[in-house]
Trainee: 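Structure provided below as structure tokens; questions to follow.
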Amino acid sequence: MAQKSFYRSDRVSAQLRRELGTLVHQAVREHGLPSISVSDVEVTRDLAHAKVFVTALQPERSAEAMKGLKELTKPLRYELGKAMKLRHVPELHFHYDDSVDRGERIEHLLREKPPAAPDDESA
């Protein structure tokens, strides 16, 4: 029977996603940023860097949200260090996750498409 391996970086990634979700939510409220949420976190094997993917509820204000998050990187990392039991807290790199926006755009385009006319094979 094959055994599934669980890497420490995967467990740290999941914990970072939970903790950062809470911290980002608090930062949004305290600093008046547009509403954003953490969608995923990818940590390097050596746990030195973490890519934090965020989505915005208002895509038109995503640039403003990303600018605010990048300014708050150091305080967020500090709070993360207090919340987690890690010897070294990874450097945070925020990236906008536009997959939700692309999905909504595709869904909108599919709804706009007129129904296809049935083929006239009997004629």
Side-chain angles (χ1 to χ4, degrees):
M1 182 178 198
Q3 184 177 4
K4 189 172 182 179
S5 60
F6 293 98
Y7 293 105
R8 181 167 188 244
S9 60
D10 294 338
R11 294 190 309 269
V12 170
S13 171
Q15 186 178 2
L16 280 172
R17 185 174 51 245
R18 286 190 300 272
E19 295 292 339
L20 277 171
T22 304
L23 292 173
V24 165
H25 181 70
Q26 290 172 351
V28 163
R29 295 171 86 197
E30 290 174 9
H31 299 282
L33 296 174
S35 188
I36 50 178
S37 64
V38 176
S39 61
D40 195 21
V41 176
E42 293 178 359
V43 181
T44 57
R45 287 259 186 238
D46 62 357
L47 305 178
H49 299 275
K51 281 186 182 178
V52 182
F53 296 94
V54 295
T55 58
L57 292 179
Q58 300 168 325
E60 62 276 359
R61 296 184 67 194
S62 62
E64 178 187 347
M66 290 304 297
K67 183 181 176 198
L69 266 183
K70 287 183 181 184
E71 290 173 0
L72 293 171
T73 299
K74 285 186 180 183
L76 285 172
R77 187 174 178 214
Y78 175 76
E79 290 298 322
L80 201 57
K82 291 192 320 187
M84 294 180 65
K85 293 180 182 178
L86 288 176
R87 180 172 291 169
H88 177 73
V89 177
E91 285 187 39
L92 303 176
H93 305 281
F94 289 98
H95 299 276
Y96 184 69
D97 183 7
D98 65 346
S99 61
V100 174
D101 300 339
R102 283 186 282 143
E104 287 177 0
R105 188 175 145 262
I106 290 170
E107 184 178 337
H108 178 71
L109 290 172
L110 289 174
R111 285 186 179 161
E112 281 184 355
K113 184 181 176 196
D119 291 341
D120 231 0
E121 293 178 10
S122 61

Trainee: Please report the interatomic distance CG(Leu23) to OH(Tyr78), rounded to the nearest 0.5 Å.
Mentor: 12.5 Å

Trainee: Between Leu76 and Leu86, is there a shared hydrophobic cluster once you connect ILVMFWY residues whose side-chain heavy atoms come closer than 4.5 Å?
Mentor: yes

Trainee: Hey, could you give me each pair passing ring-ring contact (aromatic ring centres under 6.0 Å, His included) that has a residue in residues 9-36? Not counting sequence neighbours.
Mentor: none

Trainee: Which pair of non-hydrogen atoms, one from Ala83 and one from Glu19, has the smallest distance, and what is that distance?
Mentor: CB-OE1, 3.5 Å

Trainee: What's the shortest heavy-atom distance between Arg17 and Val41, and which atoms?
Mentor: CA-CG2, 3.7 Å

Trainee: Please examine the side chains of Ile36 and Leu57, heavy atoms only from C-beta on, and report whether any two atoms are closer than 4.5 Å.
Mentor: no

Trainee: Is there a side-chain contact between Thr44 and Lys51 in this structure, where contact means two heavy atoms from C-beta onward sitting under 4.5 Å apart?
Mentor: no

Trainee: Starting from Val43, can I reach Phe53 by hopping between I/L/V/M/F/W/Y residues whose side chains sit under 4.5 Å apart?
Mentor: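 No: no chain of side-chain contacts under 4.5 Å links Phe53 to Val43.
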
Trainee: Which atom names give the shortest non-hydrogen contact between Arg77 and Pro90, and what distance separates them?
Mentor: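 Taking Arg77 first and Pro90 second, the nearest heavy atoms are NE-O, 3.2 Å.
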
Trainee: Identify the two heavy atoms, one from Leu47 and one from Ser9, that lie closest to each other, and give their separation to 0.1 Å.
Mentor: CD2-CA, 3.8 Å

Trainee: Taking the basic N atoms (NZ, or NE/NH1/NH2) and the acidic carboxylate oxygens, is any pair closer than 4.0 Å for Glu64 and Lys67?
Mentor: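 Judged by the 4.0 Å cut-off on N to carboxylate O distance, Glu64 and Lys67 do not form a salt bridge.
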
Trainee: If you round to the nearest 0.5 Å, how far is OG of Ser13 from CG of Asp40?
Mentor: 6.0 Å

Trainee: How close do Leu72 and Ala27 get, counting heavy atoms only, and between which atoms?
Mentor: CD1-CB, 4.0 Å

Trainee: Starting from the C-alpha separation in whole Å, work towards a yes-or-no answer on side chain to side chain donor-acceptor pair (under 3.5 Å) for Thr55 and Ser37.
Mentor: CA-CA 6 Å; Thr55 58; Ser37 64; 3.2 Å; yes

Trainee: Working note: Val24 + Val52, criterion side chain to side chain contact (heavy atoms under 4.5 Å, CB included); need CA distance, chi angles, decisive distance, verdict.
Mentor: CA-CA 11 Å; Val24 165; Val52 182; 5.9 Å; no

Trainee: To check you understand the geometry: which heavy-atom pair defines the closest contact between Ser35 and Val28, and what is its length?
Mentor: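 Minimum heavy-atom contact is CA-CG1, 4.1 Å.
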
Trainee: Would you say the side chain of Met84 lies within less than 4.5 Å of the side chain of Leu16, judging by non-hydrogen atoms?
Mentor: yes

Trainee: Using atom types as modelled and distance alone, determine if a side-chain donor or acceptor of Thr73 lies under 3.5 Å from a backbone N or O of Leu69.
Mentor: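 Side chain of Thr73 to backbone of Leu69, a donor-acceptor pair under 3.5 Å: yes, one is there.
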
